[in-house]
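Everything quoted here is computed from the prediction, not taken from an experiment.
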Amino acid sequence: MASPDSDSPESGPSVPSTTAPVLDRDGVRLTVDEAVATVTLTNAAKRNAQSPALWRALTEAGRVLPGSVRVVLLRGEGKSFSAGLDRQAFTPEGFDGEPSFIDLARGADDELDATIAEYQDAFTWWRRGDLVSIAAVQGHAIGAGFQLALACDLRVAADDAQFAMRETSLGLVPDLTGTHPLVSLVGYARALEICATGRFVHAVEAERIGLANLVVPGDQLDAAARDLAAALLAAPRDAVIETKALLQGAVGRSYEEQRQAERAAQARRLRDLAGIGD
C-alpha cells in the first residue's frame, strides 16, 4: 500500500495559521481562508508518516470543505512532505484499534477490497471538478506520500524534494490511486521504471518529466504555492471548472469528441455571460 517511513525527530519551521482550524486531528489540520483551504500534515516528528487514522482524517477534510473553497493547498510540516506509511503498519500488531495487514490478508476478499477502497477515499477528492488542488512538496514524498502528491492537480516542489514509489520493493503495489496520474504525467514506460525500481526522482528531474509544475528554493515553497493559488483565483470560477473538465476528459475522447466537448462548454459559458444560462 505504501512504503514505511524512516524515523527522524527533526522538523523544520511550520507556517502558523491565522484562522481557526475546521479540522485538527490524527495528523491532519484543515484551515479555510475564504476561497483557499489549506490541508496540513502535522506529524513532523515522524516525517508525516501515514496511517489509516490519518487517511480517515483526510477524507473528512474533503467532506467538510465549505462550498466557497476554490483552491486547496496540501502541505506537510517539517523536513518532509510525507515519508510514506508508518512502519507500525508492518508489525504483527499493526495500529491500535485497526486490523493489521496480516489480519486484512486473512479476511474475505470483499472485506479486503472494501478496506482498501476506504483508504483510497483519502486520495480521491483532490481532483473534484469544483476545486483545483496544489501539493507543496519538500523533502521526501515516498510511497503513500508520493501518491498523495499525485492525487493533487498540481505540484510545486522544493529543490530538495525526492519522490519515490517503494511499494514494489516491499512486494506490494501502489494502491492509493497513484498509478493513473503517474502514467498520465510521465507515460507508461517511465512510470513502470519509477515504480519497479523504487528509485528516487529528485526535484530537477521531476520538473523535467512533468511530475512537478514548478521547483523553487525550500524557503520559497509556501509562498510559491500561495502565488499559484492566487493566480488560479484570478479567473472566474465557472470558466476554471469548465476548462478543468475539458482537460480531464481529453485523454478519453477522440479529437472530434473533444471538439464537440469544447463547443458545448463554450456555449454554456457564452450563455452564462449573456445572462441566459440555466
- Query: Is W125 reachable from L74 through a run of I, L, V, M, F, W or Y residues, each pair having side-chain heavy atoms under 4.5 Å apart?
  - Reply: yes

- Task: Kindly compute the distance separating CG (D130) from CG (D238), expressed to the nearest 0.5 Å.
- Result: 10.5 Å

- Message: How long is the straight-line distance from CG of L104 back to CG of D113, given to the nearest 0.5 Å?
- Response: 11.5 Å

- Can you check whether E167 reaches V173 side chain to side chain, under 4.5 Å on heavy atoms? no

- More than 12 heavy atoms of other residues, nucleotides or ligands under 6.0 Å from CG of D110: is that the case? yes

- Task: Mind listing the closest non-hydrogen atom pair of L211 and V201 along with its distance?
- Result: CD1-CG1, 4.0 Å

- Message: Test your reading of the model: is there a side-chain donor-acceptor pair from D24 to the backbone of R29, 3.5 Å cut-off?
- Response: no

- Query: Under 3.5 Å, side chain of Q258 to main-chain N/O of V251, donor-acceptor pair present?
  - Reply: no

- Query: Is the shortest heavy-atom distance from the side chain of V36 to the side chain of L233 under 4.5 Å?
  - Reply: yes

- Would you sort out whether V137 and F146 count as a side chain to side chain contact (heavy atoms under 4.5 Å, CB included), showing the intermediate values? CA-CA 9 Å; V137 181; F146 190 5; over 6 Å; no

- Query: Any sub-3.5 Å donor-acceptor pair from W55's side-chain atoms to F123's backbone N or O?
  - Reply: no

- Rounded to the nearest 0.5 angstrom, the NE2-CG distance for H140 and D160 is 9.0 Å

- Task: Measure from the side-chain N and O atoms of D153 to the backbone N and O of S133, and report whether any donor-acceptor pair falls under 3.5 Å.
- Result: yes

- Task: Could you walk me through whether F101 and L85 pass side chain to side chain contact (heavy atoms under 4.5 Å, CB included), step by step?
- Result: CA-CA 12 Å; F101 282 4; L85 186 61; 3.5 Å; yes

- Message: Taking side chain to side chain contact (heavy atoms under 4.5 Å, CB included) as the criterion, tell me which of V215, L185, I134 meets it with R155.
- Response: L185

- Message: Please report the interatomic distance CZ(R226) to CD(Q220), rounded to the nearest 0.5 Å.
- Response: 11.5 Å

- Task: Examine L228 and W126 and state if one hydrophobic cluster contains both, with Ile, Leu, Val, Met, Phe, Trp and Tyr joined whenever side-chain heavy atoms are less than 4.5 Å apart.
- Result: no

- Evaluate whether atom CZ of R208 has more than 12 neighbouring non-hydrogen atoms of other residues, nucleotides or ligands under 6.0 angstrom away. yes

- Item | Cluster check L148, Y119: I/L/V/M/F/W/Y, side chain < 4.5 angstrom | yes

- Stepwise side chain to side chain contact (heavy atoms under 4.5 Å, CB included) check, R63 with T59: CA-CA 7 Å; R63 290 194 186 114; T59 300; 3.6 Å; yes

- Sub-3.5 Å donor-acceptor pair from the side chain of K244 to the main-chain atoms of L131, do we have one? yes

- Note on the structure: Heavy-atom nearest pair, L23 first then E60, reads CD1-CG, 4.2 Å

- Check step by step if side chain to side chain contact (heavy atoms under 4.5 Å, CB included) holds for F163 and L182. CA-CA 11 Å; F163 302 88; L182 182 62; over 6 Å; no

- Just one of E262, E257, E256 clears the salt bridge (charged side-chain N to carboxylate O under 4.0 Å, His left out) bar with R259, so which one? E256

- Query: Are any side-chain N or O atoms of D159 and backbone N or O atoms of A203, one a donor and one an acceptor, separated by less than 3.5 Å?
  - Reply: no

- Heavy-atom donor-acceptor pair, S80 side chain to R47 backbone, under 3.5 Å: no

- Task: Check E207 against L214 and note the closest heavy-atom contact, atom names and distance.
- Result: OE2-CA, 3.9 Å

- E98 side chain to Q88 side chain, donor-acceptor N/O pair below 3.5 angstrom: no

- Treat each ILVMFWY residue as a node, draw an edge where side-chain heavy atoms are under 4.5 Å apart, and state whether L154 and L246 are in one component. no

- Heavy-atom pair of closest approach, residues V240 and L232: CG2-O, 4.1 Å

- Query: Can any side-chain N or O of R127 pair as donor or acceptor with the backbone N or O of C152 at less than 3.5 Å?
  - Reply: yes

- Grab the two heavy atoms, one from Q50 and one from F95, that are nearest each other, plus how far apart they are. O-CZ, 4.2 Å

- What are the two closest non-hydrogen atoms of F81 and G145, and how far apart are they? CE2-O, 3.3 Å

- Could R269 and E242 be called an ion pair, given the rule that one side-chain N must be under 4.0 Å from one carboxylate O? no

- Transitively linked via ILVMFWY side-chain contacts under 4.5 Å: L65 with V39? yes

- Message: Tell me whether R56 is salt-bridged to D26, with the criterion being a basic N under 4.0 Å from an acidic carboxylate O.
- Response: no

- Between CD on residue E77 and CD on residue Q138, distance to nearest 0.5 Å: 9.5 Å

- Rounded distance (nearest 0.5 Å) linking atom CZ of R166 with atom CD1 of I194: 13.0 Å

